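What follows is a single structure, written as structure tokens, with notes after it.
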Amino acid sequence: MPIKTIILAAGQGTRMRSSRPKVLHEIANKALLQHVYETSQQLNDNAIYIIYGHGGETVKQTLQHFEAVWIEQKQQLGTGHAVQQAIHHVEDADTVLILYGDVPLLKAQTLQTLLQDVSAQSLALLTVKLDDPTGYGRIVRNADNAVVKIVEQKDANASELAIKEGNTGILACNGDQLKQWLARLSNNNAQNEYYLTDIIEMAVADGLSIKTTLASSQDEVLGVNNRNQLAHLERVYQMQQAQSLMEHGVTLRDPARIDVRGEFAELGQDIDVDINVIFEGINRIGSNVRIGANCILKNATIADAVEILPNSLIEDASVGAYSRIGPFARLRPASVIADHAHIGNFVEIKKSTVASGSKINHLSYIGDSEIGSKVNIGAGTITCNYDGVNKFKTIIEDGAFIGSDTQLVAPVTVGRNATIGAGSTITKDTPAEQLTLSRSKQVSVASWQRPSKKES
Ligand code: UD1
Ligand code: CA
């Protein structure tokens with residue numbers, strides 16, 4: 001049966017105290033609504049409808065790449081009213097799944113379980129056991145333990161308030177039945193809202209059974225209403241990422257001090273990750289890689305046995321096997337470091353290739369360059385790749401040795417096995433195998449006297 005998923009995301013989110021619509025707040029650099037969207041996308045034969053409202057134009061613009069139908073709910077008259085906005089898209093034969101745009105950690109597996117419980121004779125409801133059910137609709141059961149209705153907090157009597165099984169708001173049912181129930185909703189209740197939850201009592205009256213699934217944890221179905229809950233769910237999400245890394249064979253020195261804001265397209269074994277490491281975007285990491293404290297890897301490709309020492313940043317760059325990066329190194333976009341290379345402290349590399357076995361160990365800037373293999377670049381060497389308007393290329397051929405504190409004024413080529421004397425400013429191509437240096441001769445002035453203060 002085709003599935004129509006309706007994601008409710010029109011609520012205001014006043015308690016976030018933000019100019020940003022609530023569902024655009026992020027967990028792991030991804031909007032809350034995107035988490036929900038991606039989860040529902042894992043279901044087969046599913047069309048997605050998003051109900052937006054307050055600040056909704058921004059939501060729609062920001063997430064316009066979604067394969068979904070956007071439907072505006074001009075006034076927020078309740079969850080039942082929200083679903084009504086999309087009901088004309090629902091065919092009788094559809095199964096309708098209701099999700100909330102601010103409940104980001106819901107698992108696709110839970111939804112699969114829920115969907116299996118839908119039939120003409122049964123409605124599927126996701127419920128949760130709560131330590132403190134305040135604010136939630138309560139699941140009211142009869143003496144046979146069958147669900148008879150949901151009562152909202154504000155409409156509940158004392159015995160109903162004591163119920164610890166709460167409504168998550170997430171449910172699935174038949175399209176034709178939902179249409180009939182929605183048409184009969186009224187707002188005759190404590191909040192004068194059209195409650196979606198009222199369809200439960202109608203379903204029971206129509207002879208359906210309510211099949212409940214318990215959420216795997218309170219956090220799985222927790223909605224974000226304030227920054228405290230946002231921070232809490234960020235930590236829950238990060239702990240889940242850490243668990244899955246460890247299951248994959250990654251050592252985390254402290255699973256509570258690592259952040260994954262993206263995914264791993266490849267992940268080897270025996271990767272050792274020290275504290276405060278952040279992974280962003282899509283990373284590929286080989287086996288036996290060691291990552292020191294406080295490193296940030298964004299869209300990085302790291303081959304086997306690479307060692308990344310503390311406080312290094314690697315963005316849109318790749319590092320070959322057995323290379324050593326850092327501490328305090330910065331590999332900027334389009335840097336391609338081959339195997340067995342050393343990139344040391346306070347070295348910045350941008351849009352450059354460094355071939356096998358080359359070393360740039362201290363205090364350098366290498367931009368728009370092609371560095372051959374077994375090149376040694378001395379401390380303080382920089383490429384002057386930019387004249388204020390255009391960028392130019394530096395080529396350093398295999399085996400060259402660049403003395404410390406050299407400036408290479410691009411465009412320039414240093415020939416194979418050439419040596420550049422320390423302190424040189426190189427403005428012309430230098431021949432292979434030769435020593436090139438450009439510095440004024442050292443002189444000593446024997447007659448020179450250091451100035452001294454006159455005695456008064
Ligand atoms: C709702 C449920 C309650 C459940 C709780 C779980 C109803 C009547 N109550 O409570 O049983 O325990 O969720 O959190 O359904 N929304 C709209 N348009 C509206 C109203 C809400 O899109 O007019 C969206 C919100 O953005 C949110 C979701 O629906 O994502 C739930 O709304 P919220 O106000 O948080 O639900 P409650 O009434 O607190
Ligand atoms: Ca709520």
Side-chain angles (χ1 to χ4, degrees), residues 5-16 18 20-25 31-37 39-40 49-56 59-60 70-87 97-106 123 125-130 132-140 147 149-156 160-161 163-171 173 178 181-182 185-202 210 212 214-215 218-226 229-230 233:
T5 298
I6 302 174
I7 304 178
L8 307 189
Q12 295 210 0
T14 1
R15 280 178 286 160
M16 294 300 282
S18 175
R20 207 195 310 189
K22 177 165 78 172
V23 291
L24 289 184
H25 283 265
L32 296 175
L33 182 54
Q34 187 163 350
H35 283 272
V36 180
Y37 169 79
T39 305
S40 57
Y49 299 83
I50 302 172
I51 311 297
Y52 70 98
H54 180 77
V59 180
K60 205 173 136 179
W70 294 85
I71 301 167
E72 188 180 3
Q73 184 193 21
K74 291 204 169 65
Q75 274 185 296
Q76 279 73 68
L77 302 180
T79 49
H81 180 258
V83 176
Q84 276 167 352
Q85 309 309 302
I87 201 69
L97 172 66
I98 308 296
L99 302 179
Y100 286 0
D102 54 3
V103 176
L105 299 193
L106 190 65
L123 178 152
L125 183 65
L126 186 65
T127 69
V128 58
K129 280 273 189 300
L130 296 155
D132 174 10
T134 307
Y136 282 79
R138 307 298 205 277
I139 308 297
V140 182
V147 175
K149 63 174 178 176
I150 296 176
V151 58
E152 291 303 296
Q153 164 98 17
K154 287 182 178 150
D155 302 289
E160 289 162 344
L161 285 174
I163 297 170
K164 297 231 163 165
E165 186 181 9
N167 173 32
T168 65
I170 289 145
L171 59 83
C173 62
L178 180 63
W181 298 327
L182 283 183
L185 286 183
S186 88
N187 64 351
N188 184 17
N189 52 52
Q191 302 183 81
N192 293 120
E193 283 183 8
Y194 295 91
Y195 292 164
L196 180 63
T197 44
D198 285 351
I199 69 169
I200 303 300
E201 206 173 351
M202 297 178 189
I210 310 299
T212 58
L214 265 184
Q218 296 184 35
D219 292 329
E220 186 191 3
V221 292
L222 185 65
V224 173
N225 293 305
N226 56 43
Q229 288 167 328
L230 185 69
L233 288 189

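Start at 1 and go down the list; that is how both ligands and their atoms are numbered. Since the structure is predicted, the reported quantities are computational estimates derived from the model, not experimental observations.
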- request: Verify side-chain contact (heavy atoms from CB on, under 4.5 Å) between K154 and N189, making sure each step is shown before the conclusion.
  value: CA-CA 9 Å; K154 287 182 178 150; N189 52 52; over 6 Å; no

Does ligand 1 come near enough to [X] that some N or O of the ligand is less than 3.5 Å from an N or O of the residue?
X    : result
G78  : yes
G169 : no
I51  : no
A10  : yes
E152 : yes

With a cut-off of 4.0 Å, which atoms of ligand 1 are near a heavy atom of [X]?
X    : result
A82  : 17 (C), 18 (N), 22 (O)
Y136 : 12 (O)
T79  : 7 (C), 8 (C), 15 (O), 20 (C), 21 (C), 29 (O), 31 (C)
G137 : 3 (C), 4 (C), 11 (O), 12 (O)
T168 : 6 (C)
D102 : 27 (C), 30 (O)
Y195 : 8 (C)

- request: Return the option from Y100, Y194, Y52 holding the heavy atom at the smallest distance from atom 13 (O) of ligand 1.
  value: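 Minimum heavy-atom distance to atom 13 (O) of ligand 1 goes to Y100.
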
- request: Pick, from N167, T127, V36, L222, the option with the minimum heavy-atom distance to atom 12 (O) of ligand 1.
  value: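 The residue whose heavy atom sits nearest atom 12 (O) of ligand 1 is N167.
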
- prompt: Between atom CD of Q85 and atom NZ of K74, what is the distance when rounded to the nearest 0.5 Å?
  reply: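 Here the interatomic distance stands at 8.5 Å.
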
For L222 against L233, the heavy-atom pair lying closest together: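 In this case the closest contact between L222 and L233 is O-CD1, 3.5 Å.
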
query: Of the non-hydrogen atoms in D219 and L105, which two are nearest, and what is the gap between them?
result: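 Nearest pair, atom of D219 first, then L105: O-CB, 4.0 Å.
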
- request: Take N225 and K22 through the side-chain contact (heavy atoms from CB on, under 4.5 Å) test and state the conclusion after the steps.
  value: CA-CA 8 Å; N225 293 305; K22 177 165 78 172; 3.1 Å; yes

- request: Give a yes/no verdict on whether any heavy atom in G223 is under 4.0 Å from an atom of ligand 1.
  value: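 Outside the 4.0 Å threshold, so no.
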
- request: Classify the contact between Q73 and ligand 1 as side chain, backbone, both or neither, using a heavy-atom distance cut-off of under 4.0 Å.
  value: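 Just the side chain.
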
message: Between L126 and L106, is the side-chain contact (heavy atoms from CB on, under 4.5 Å) condition met? List the steps.
response: CA-CA 11 Å; L126 186 65; L106 190 65; 3.8 Å; yes

Residue of the set V83, I170, T79, I199 for which side-chain contact (heavy atoms from CB on, under 4.5 Å) holds with I98: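 Passing option: V83.
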
query: Quick one: does D155's side chain have a donor or acceptor within less than 3.5 Å of a partner on A190's backbone?
result: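 Answer holds: yes.
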
